[in-house]
Amino acid sequence: FVKKVHELHHHDPEWTALSTYGQFSEDMIDYSQANSILFVDGLFDKNRYVELLENLGVISVIKATPHKKYFMPSLLKEVSLSQLEDVKRNCIGYAQPIVLFYEKGWPTSGTFCTLVARLLSRDDWKVTEKDSTPVHLFSNCIQLTLQDHDITGSCQVTILDCVQYIELHVYINRIMGVSDEDYHKMYRNICPKVLSMIQRNMTNDTANGEVHATFMCPCSKPGIVVMRNGTFKCSRDDTITFSLSDRCKVWQDI
């Protein structure tokens, strides 16, 4: 599929949409599989092919478009680790960022892109845009907007693939007139929902065990925070303890 796409002229609208936004149409599927032995009449057609890609979390359907289009996160460009650090520094929000990791180690590849495709297959998630341009849209960094009845306004969730873990940053747009108490309550309502949805969509790789959530330790050589003998401590240095602030408590069960 990717090889066929790169055979297109770079000024072709299909190529631009796919290389920049990870989007493609059904026409692109027809083009990529022309003269292919993949499809067998009566056994495996284009619809079955698309259904398979959706079920595997490879693609998601882009809604509210006049012609059916699809989104494949793995086709997006990747940002460097230093650029990821810049994204982290620019993320603002009342909630403390959290880290998600597998108890038996990180899968070799595909977890981040599969997670994004599965979230975007839901009606309540969409890619965040500013002036019709995605804020962050890469194969290892994306910002999504979650619409939920528990918040006034919208909620932005920035998801980063940090190689050994996934990091989440949550920000709720504050509407004028909303008190501090009500604003913080929105975080307490929405953050556990965000965590639950993302954990559910990361649990298909059972070979890597359960998905755990925790915080980054603010030490000089950042490690994750782990619970040891009833105390939160740095995974790298037992002498460094971590106290849960109100910004951490919005996640409730961590």
Side-chain angles (χ1 to χ4, degrees), residues 1-8 10 12-34 36 38-39 44 46-63 65 67-84 87 100-102 105-122 125-129 133-146 157-169 197-208 211:
F1 180 86
V2 176
K3 181 181 177 181
K4 283 287 187 179
V5 168
H6 286 287
E7 289 175 0
L8 291 171
H10 285 198
D12 189 294
E14 285 277 9
W15 187 91
T16 303
L18 194 143
S19 61
T20 306
Y21 301 110
Q23 299 179 9
F24 61 94
S25 67
E26 289 190 329
D27 290 341
M28 180 61 71
I29 298 176
D30 292 333
Y31 171 78
S32 67
Q33 299 304 326
S36 170
L38 177 65
F39 298 146
F44 192 74
K46 181 174 66 177
N47 291 333
R48 289 281 186 88
Y49 177 57
V50 170
E51 184 180 350
L52 176 64
L53 293 179
E54 284 188 77
N55 290 339
L56 291 174
V58 177
I59 66 172
S60 59
V61 178
I62 299 175
K63 304 172 184 66
T65 54
H67 303 289
K68 185 170 282 189
K69 288 190 175 183
Y70 306 94
F71 173 62
M72 186 184 292
S74 58
L75 294 177
L76 296 169
K77 297 176 183 177
E78 184 177 287
V79 296
S80 66
L81 292 179
S82 61
Q83 289 172 304
L84 283 182
V87 173
L100 295 164
F101 64 98
Y102 290 99
W106 199 247
T108 53
S109 63
T111 299
F112 178 87
C113 292
T114 300
L115 167 64
V116 170
R118 286 178 174 148
L119 289 176
L120 288 174
S121 67
R122 297 169 53 99
W125 291 85
K126 65 178 182 179
V127 174
T128 304
E129 293 186 346
T133 302
V135 175
H136 297 304
L137 188 62
F138 303 97
S139 63
N140 59 342
C141 171
I142 195 166
Q143 187 176 105
L144 304 179
T145 295
L146 171 65
V157 180
T158 304
I159 311 174
L160 304 101
D161 184 354
C162 300
V163 183
Q164 295 299 317
Y165 55 84
I166 280 179
E167 188 168 329
L168 299 182
H169 293 255
M197 281 186 274
I198 289 182
Q199 282 182 311
R200 282 201 309 271
N201 285 285
M202 287 177 63
T203 54
N204 294 297
D205 194 344
T206 54
N208 290 282
V211 179

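All values reported here derive from a predicted model rather than from experimental measurement.
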Is the shortest side-chain heavy-atom distance between [X] and [Y] below 4.5 Å?
X      : Y      : result
Gln23  : Met72  : no
Ile142 : His136 : no
Thr114 : Val58  : no
Leu100 : Met202 : yes

Looking only at non-hydrogen atoms, find the nearest pair between [X] and [Y] and report the distance.
X      : Y      : answer
Pro134 : Val127 : CB-CG1, 4.0 Å
Cys141 : Leu84  : CB-CD2, 3.6 Å
Arg118 : Gly57  : NE-CA, 4.0 Å
Val50  : Tyr70  : CG1-CE2, 3.5 Å
Val135 : Glu129 : CG2-C, 4.2 Å
Trp125 : Leu119 : CB-O, 3.4 Å

Are Leu76 and Phe71 close enough, and set up right, to give a side-chain contact (heavy atoms from CB on, under 4.5 Å), and what steps lead you there? CA-CA 10 Å; Leu76 296 169; Phe71 173 62; 3.8 Å; yes

What distance separates [X] [atom1] from [Y] [atom2], expressed to the nearest 0.5 Å?
X      : Y      : atom1 : atom2 : answer
Leu75  : Cys113 : CG    : SG    : 8.5 Å
Phe112 : Cys162 : CZ    : SG    : 9.0 Å
Phe101 : Gln164 : CZ    : CD    : 11.5 Å
Ile62  : Lys69  : CD1   : NZ    : 7.0 Å
Leu160 : Ile166 : CG    : CD1   : 9.0 Å

Whether [X] side chain and [Y] backbone form a donor-acceptor pair below 3.5 Å:
X      : Y      : value
Ser139 : Ser74  : no
Asn140 : Val79  : yes
Tyr102 : Tyr165 : no

As a quick check of understanding, evaluate side-chain contact (heavy atoms from CB on, under 4.5 Å) for Leu144 and Lys126, giving each step before the final call. CA-CA 6 Å; Leu144 304 179; Lys126 65 178 182 179; over 6 Å; no

Could you point out which residue of Glu167, Gln143, His169 forms a side chain to side chain donor-acceptor pair (under 3.5 Å) with Thr158?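 Passing option: Gln143.
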
